[in-house]
Amino acid sequence: ISDLFIYLYVCFKDVDSHGSSTGGAEMEPDGLIFIGKEEDIKKSQRITAKINGREIVVFYHEGKFHALDSRCYRKIFACVISDIDGQACIVCPWHKFKITLETGEGLYEGINPLEPSPTPKWQSKGVKQRIHKVTIDNGNVYVSPPDLSVSFDSDYFADMYKNGGELAMGK
C-alpha cells in the first residue's frame, strides 16, 4: 500500500465513520442530495459522500459549510485548512497548493518584478477545484448535483478516482 493511500485513509477514516454515505448519497425530490445531519458534520468538521460515483467532501469551518471534490486538482486531497490572505484554504501537504474553500480558486504568492521593491502578494490561478452548493434545511445538509457542463482541473482526478478506485490513485 502506498504512503498516499495510507495518508488518505488516516485523513478520511474518521469522516466515513460519522454516518457518511460513501456508497452513494440519497437524491431528494427537489434534486438536492442528502449528505448528513448538520450537528454530526459540525462535530466531525468534515464528511465524505459520493454523488453519482464522484467523491466529495463537506467541511464545516468557522461557522460555514463548504463542499468540494475530494481530490485536489493535482491528484491528492489535503486535510489541512489554513487562513491565507483572509481566506480559508485547503493546503496540499505534498504540492503545497492552496485552494480556497469558498470558490475553489488556486492561490499562489507572486511578485511584480517591475515594482521598485517587489513584495510578494497572493494571486489567483483561477478556479481549479470544483465546489458544490451546500443547502441546510431543517437540520439536514444537502448538496446540489454538480453542473458538469463547465469543467475544472479537479474533474480529471475525480473521474480517474471514480473509474480506477483508490489503488489507481496511489500509483
Side-chain angles (χ1 to χ4, degrees), residues 4-5 7-84 86-93 95 97-107 127-163 165-166 169:
L4 173 62
F5 178 77
Y7 177 78
L8 291 171
Y9 176 76
V10 169
C11 285
F12 289 113
K13 102 179 155 76
D14 63 321
V15 174
D16 292 337
S17 67
H18 284 90
S20 170
S21 176
T22 57
E26 297 174 30
M27 179 79 76
E28 297 292 318
D30 57 4
L32 296 176
I33 300 161
F34 174 76
I35 300 300
K37 294 289 188 184
E38 181 178 10
E39 286 307 312
D40 292 341
I41 299 171
K42 283 180 177 180
K43 286 178 192 170
S44 67
Q45 301 291 300
R46 61 182 172 255
I47 191 169
T48 57
K50 282 191 180 178
I51 299 175
N52 299 327
R54 180 186 205 101
E55 191 175 273
I56 67 159
V57 63
V58 177
F59 287 102
Y60 180 74
H61 180 72
E62 296 184 354
K64 291 180 79 176
F65 287 92
H66 307 274
L68 298 95
D69 281 353
S70 71
R71 304 289 173 201
C72 116
Y73 68 96
R74 291 297 298 156
K75 248 168 72 164
I76 58 111
F77 186 73
C79 294
V80 180
I81 297 178
S82 295
D83 180 76
I84 297 173
Q87 299 180 79
C89 294
I90 296 169
V91 180
C92 167
H95 299 108
F97 292 135
K98 288 122 182 104
I99 304 165
T100 66
L101 288 177
E102 194 74 33
T103 64
E105 283 180 276
L107 299 180
V127 177
K128 300 292 186 177
Q129 193 78 13
R130 181 177 296 280
I131 60 169
H132 304 269
K133 184 178 184 256
V134 178
T135 301
I136 311 300
D137 184 34
N138 202 24
N140 294 322
V141 177
Y142 300 90
V143 172
S144 297
D147 175 7
L148 299 177
S149 68
V150 179
S151 67
F152 298 98
D153 292 358
S154 67
D155 291 339
Y156 173 80
F157 293 101
D159 289 341
M160 181 186 290
Y161 174 79
K162 180 176 160 180
N163 296 327
E166 289 177 347
M169 291 301 296

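All figures in this text were calculated on a predicted structure; none of them were measured in a lab.
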Q: Does the side chain of K64 reach to within under 4.5 Å of the side chain of F59, using non-hydrogen atoms?
A: no
Q: Any side-chain heavy-atom pair from D40 and I47 closer than 4.5 angstrom?
A: no
Q: Would you check if the side chain of R46 reaches a backbone N or O of H61 as a donor-acceptor pair within less than 3.5 Å?
A: no
Q: Indicate the atoms forming the closest heavy-atom contact of A88 with D83, along with that distance.
A: N-OD1, 4.4 Å
Q: Going by heavy atoms in the side chains, are K128 and I99 under 4.5 Å from each other?
A: no
Q: Find out whether E38 and N138 are in side-chain contact, i.e. whether some heavy atom of one side chain is under 4.5 Å from a heavy atom of the other.
A: no
Q: Contact between I33 and S144 at the side-chain level, heavy atoms closer than 4.5 Å - yes or no?
A: no
Q: Where is the tightest heavy-atom contact between I131 and G104, given as atom of each residue plus distance?
A: CG2-N, 3.6 Å
Q: Could you give the distance from NZ (K42) to NZ (K37), rounded to the nearest 0.5 Å?
A: 13.0 Å
Q: Do you know the tightest heavy-atom contact between S154 and R130?
A: OG-N, 2.9 Å
Q: When you compare the side chain of I35 with that of I56, does any pair of heavy atoms fall below 4.5 Å?
A: yes
Q: Minimum heavy-atom separation for V141 to I136, with atom names?
A: CG2-CD1, 3.6 Å
Q: Report the distance from atom SG of C89 to atom CD of E102, rounding to the nearest 0.5 Å.
A: 10.5 Å
Q: Hey, are the side chains of I90 and H66 touching, using non-hydrogen atoms and a 4.5 Å cut-off?
A: no
Q: Under 3.5 Å, is there a donor-acceptor pair between the side chain of T100 and the main chain of E105?
A: yes
Q: With a 4.5 Å cut-off on side-chain heavy atoms, are I84 and V91 touching?
A: yes
Q: For the residue pair F34 and Y142, does the interplanar ring angle fall in the parallel (under 30°), tilted (30 to 60°) or perpendicular (over 60°) class?
A: perpendicular
Q: If every non-hydrogen atom of F152 is compared with every non-hydrogen atom of V150, which pair is closest and at what distance?
A: CZ-CG1, 3.8 Å
Q: Checking side-chain contact (heavy atoms from CB on, under 4.5 Å) for the pair H132/V58: CA distance, chi angles, key distance, verdict?
A: CA-CA 9 Å; H132 304 269; V58 177; over 6 Å; no
Q: Please assess Q87 against L101 for the test side-chain contact (heavy atoms from CB on, under 4.5 Å), listing each intermediate value before the final yes or no.
A: CA-CA 8 Å; Q87 299 180 79; L101 288 177; over 6 Å; no
Q: Hey, is the main chain of D69 close enough, under 3.5 Å, to the side chain of Q129 for a donor-acceptor pair?
A: yes
